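Only heavy atoms go into these numbers, but all of them, side chains included; no hydrogens, no water, no symmetry mates. Small disclaimer: the values here were computed from a predicted structure and weren't measured.
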Amino acid sequence: MKVEANTPAAYELIHKGALALARAERAGIRIDIPYCQQQKKVLTKQVTELTKQVTESKFYHRWRHIYGDKTNIDSNNQLSHILYKVMKIEAPKQTESGQGSTDEDTLSQIDIPELKIILEIRKLKKLRDTYLDAFERENYEGYIHPFFNLHTVKTFRSSSDSPNFQNIPKRDKEAMTICRRALYPRPGHQLIEADFSGLEVSISTCYHRDPVMLAYLNNKKSDMHLDMAKQIFIYEVLNKAIPSNYRMRQASKNGFVFPQFYGDWYRNNAVGICEWVQLPQGKWKKGMGMEMEDGSHIADHFISVGIKCFDDFVEHLKGVEDDFWNNRFKVYKQWKDAWVAKYQAKGSFAMFTGFTCSGVMRRNEVINYPVQGAASHCKLWSLIELDRIMLAEKWDTYILGEIHDSILFDVLPEELDHVKDTILRVTCKDLPAAWKWITVPLNVEIDVYDVDAPWVPRDKE
DNA sequence: GGAACTCGCCAC
DNA sequence: AAACGTGGCGAGTTCC
């Protein structure tokens, strides 16, 4: 497969983007090194304690009996051999190469208490060795300078390394706090993060122009994910403020809608959704799964509507998928089929932004690349423009980096209001004015952190 | 002793 | 009909 910048504007975007990102790299992000060192010690102590618990167990003795001095509780090869060959447990899942899997999902299904400890050790070591250690290693005079690359990714997204600034924990609150507590604004400054919400959905709609999706994007009161949650859970999911309703919406969004857009299918979606609401992949009984607002459980509800096990749920999702593409978003589906047919005839396709992709690609790639690419270019155009303005107006504010559909800034508090206004103008007005193919509204949310505070959201309530 | 591989896991 | 897109990186392991 080959990608090319086929227009002067496409070339210019990459050229200017590289320069703007180089300025972000040079600026760097302030880092609290004493905190990193101290937190690494805390994590090491916890790891040592947990390791001791494992090595004192009967399970470990069995392991040691096989591997002797070579025994290593970090070795998944050894663990796989012990579990599935020595103890003859039936592996719930295989890896790519056919070995019994030892990932989190698999180990948590096996009833050996030491496996829970091993998972906890893995988690703590990940934080210590992948994040805090990398921050300290890359520290130069109190700042890290992650690289942002525009030449490595097939779809024209960016990548980041040394350290990778684009995969610092966020969803797991504890992991997020431990890692992001190390990253600070300049003295007297504050961090803000501007996030394009649902950018790839918006950009895909510029291609397919599905009227139902357009209606969702143009009507702020409508909520696609809430509607999908109602259908998937056969439940009146109405209020995001109720925790169980919110969870069902999250499960629909991240377990069904987005994976479907990437080309996934209902069988995988069923597994994903069950993980979100803590239902097993077998028979369901009353009291199973996440708790609802009235104290009942999600399994009670599913049983009451005739879904009594995982396989019933898979069949239900098959129907939801069919309705999703052949009824709800049928124009989107027609666009996908036509787009792929056109690619098959020509051997290439063009993005809105003046780039072409040619060569052998799978169906899902042909559908995903133009969306991911053009969405990424929207963020890059915005970043270039904001960088230009901040230099021209001599702001004491810096662009620090970007995470695919968001940009992180280090802002002088006196400039905050002006910076926020400028971000919203550039992303929501100037960008669609410059690129006429953007025919849907774009939404940007700006998270503001406190002055002199790390990259950790202030606790609500 | 380094290159290249597998596996697992973080982000969007 | 087929069946999840893009990365970086650490630890363990194997190959040369």
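Centroid-to-centroid, the aromatic rings of A:F196 and A:H404 stay 6.0 Å apart or farther. For A:F349 and A:Y369, the gap between ring centers reaches or exceeds 6.0 Å.
Aromatic ring orientation, A:F355 versus A:F156: tilted (interplanar angle from 30° to 60°).
At a cut-off of 3.5 angstrom, counting only N and O atoms as typed in the model, there is no donor on one side facing an acceptor on the other between the side-chain of A:R171 and the base of B:dC10. A donor and an acceptor atom never sit less than 3.5 Å apart when one is taken from the side chain of A:Q166 and the other from the base of C:dG7. One N or O donor and one acceptor, one from the side chain of A:K126 and one from the base of B:dC9, sit under 3.5 Å apart.
For A:R157 and A:D161, each mapped to the nucleotide of DNA chain C holding its nearest heavy atom, the one lying further toward the 5' end belongs to A:R157.
Counting to the nearest Å, the P atom of C:dG8 and the CZ atom of A:R137 are 15 Å from each other. Computed from coordinates, the A:D405 CG to C:dT6 C1' distance equals 13 Å when rounded to whole Å. Here C:dG12 presents its P atom at 14 Å from OH of A:Y67, a figure rounded to the nearest Å. Taking atom CZ on A:F165 and atom P on B:dC10, their separation rounds to 18 Å, with Å as the unit. In this structure, the CG atom of A:N254 is 15 Å from the P atom of B:dC10, given to the nearest Å. For A:F258 and C:dT6, the CZ to C1' distance is 15 Å, given to the nearest whole Å. One interatomic measurement links the two molecules: NZ of A:K40 to P of C:dG10, which rounds to 12 Å at whole-angstrom precision. The NZ-C1' distance, from A:K125 to B:dC9, rounds to 15 Å in whole Å.
The strand DNA chain B forms stems, runs of 3 or more Watson-Crick or G-U wobble pairs with distances below 3.5 Å, at B:1-12 with C:5-16.
For B:dC12, the OP1/OP2 oxygens have a side-chain nitrogen or oxygen of A:K170 closer than 4.0 Å. A:S101 has a side-chain polar atom (N or O) that falls below the 4.0 Å cut-off from OP1 or OP2 of B:dG8. The shortest distance between the side-chain N/O atoms of A:T155 and the OP1/OP2 oxygens of C:dG5 is not below 4.0 Å. For the OP1/OP2 pair of C:dA3 and a distance below 4.0 Å, the side-chain nitrogens and oxygens of A:N364 include no atom meeting the criterion.
Looking at the side chain of A:S75, the nearest of the listed nucleotides C:dT13, C:dT6, C:dG8 is C:dT13. Of the candidate nucleotides C:dT6, B:dC12, B:dC7, B:dC12 has the atom lying nearest to any side-chain atom of A:H404. Listed candidates were B:dC12, C:dG10, C:dG12. Nearest to the side chain of A:N72 is C:dG12. When the nucleotides B:dG8, C:dG7, B:dC12 are ranked by their closest atom to the side chain of A:N167, C:dG7 comes out on top. Of the candidate nucleotides C:dG10, B:dC12, C:dT6, C:dT6 has the atom lying nearest to any side-chain atom of A:Y369. For A:R122, the listed nucleotide lying nearest its side chain is B:dC9; candidates were C:dT6, B:dC9, C:dG8. Side-chain proximity of A:Q372 to the nucleotides C:dG8, C:dA3, C:dG5 is greatest for C:dG5. For A:Y262, counting side-chain heavy atoms from C-beta on, the closest listed nucleotide (B:dG8, C:dC9, C:dC4) is C:dC4. Comparing B:dG8, C:dT6, C:dA11 against the side chain of A:T102 picks out B:dG8 as the nearest. Checking C:dC9, B:dG8, C:dT6 against the side-chain heavy atoms of A:S162 singles out C:dC9 as nearest.
Here A:N368 lies in heavy-atom contact (under 4.0 Å) with sugar-phosphate atoms only. Here A:K154 lies in heavy-atom contact (under 4.0 Å) with sugar-phosphate atoms only. Heavy atoms of A:E104 sit under 4.0 angstrom from primed sugar atoms or phosphate atoms, though from no base atom. Among the atoms of the strands shown, only primed sugar atoms or phosphate atoms (P, OP1, OP2) are found under 4.0 Å from some heavy atom of A:I168. Nucleic acid contact for A:F261: none, since no nucleic acid atom lies under 4.0 Å from a heavy atom of the residue. Looking at heavy-atom distances under 4.0 Å, A:R128 makes no contact with the nucleic acid at all.
Formation of a donor-acceptor pair under 3.5 Å by the A:R180 side chain with backbone atoms of A:P454 is not found in this model.
A:D223 meets the salt bridge (Lys or Arg N to Asp or Glu O under 4.0 Å) test with A:R249; sequence neighbours excluded.
Checked for salt-bridge contact, A:K318 and A:D322 miss the test: no charged N lies under 4.0 Å from a carboxylate O. A salt bridge does not link A:R30 with A:D410: none of the charged nitrogens is closer than 4.0 Å to a carboxylate oxygen. Salt-bridge annotation for A:D32 and A:R181: present, with a side-chain N of the basic residue lying under 4.0 Å from a carboxylate O of the acidic one. Using a cutoff of 4.0 Å between basic side-chain nitrogens and carboxylate oxygens, A:K123 and A:E174 are not scored as salt-bridged.
Remark: A:E104 CD to A:L115 CG distance equals 12.0 Å, nearest 0.5 Å.
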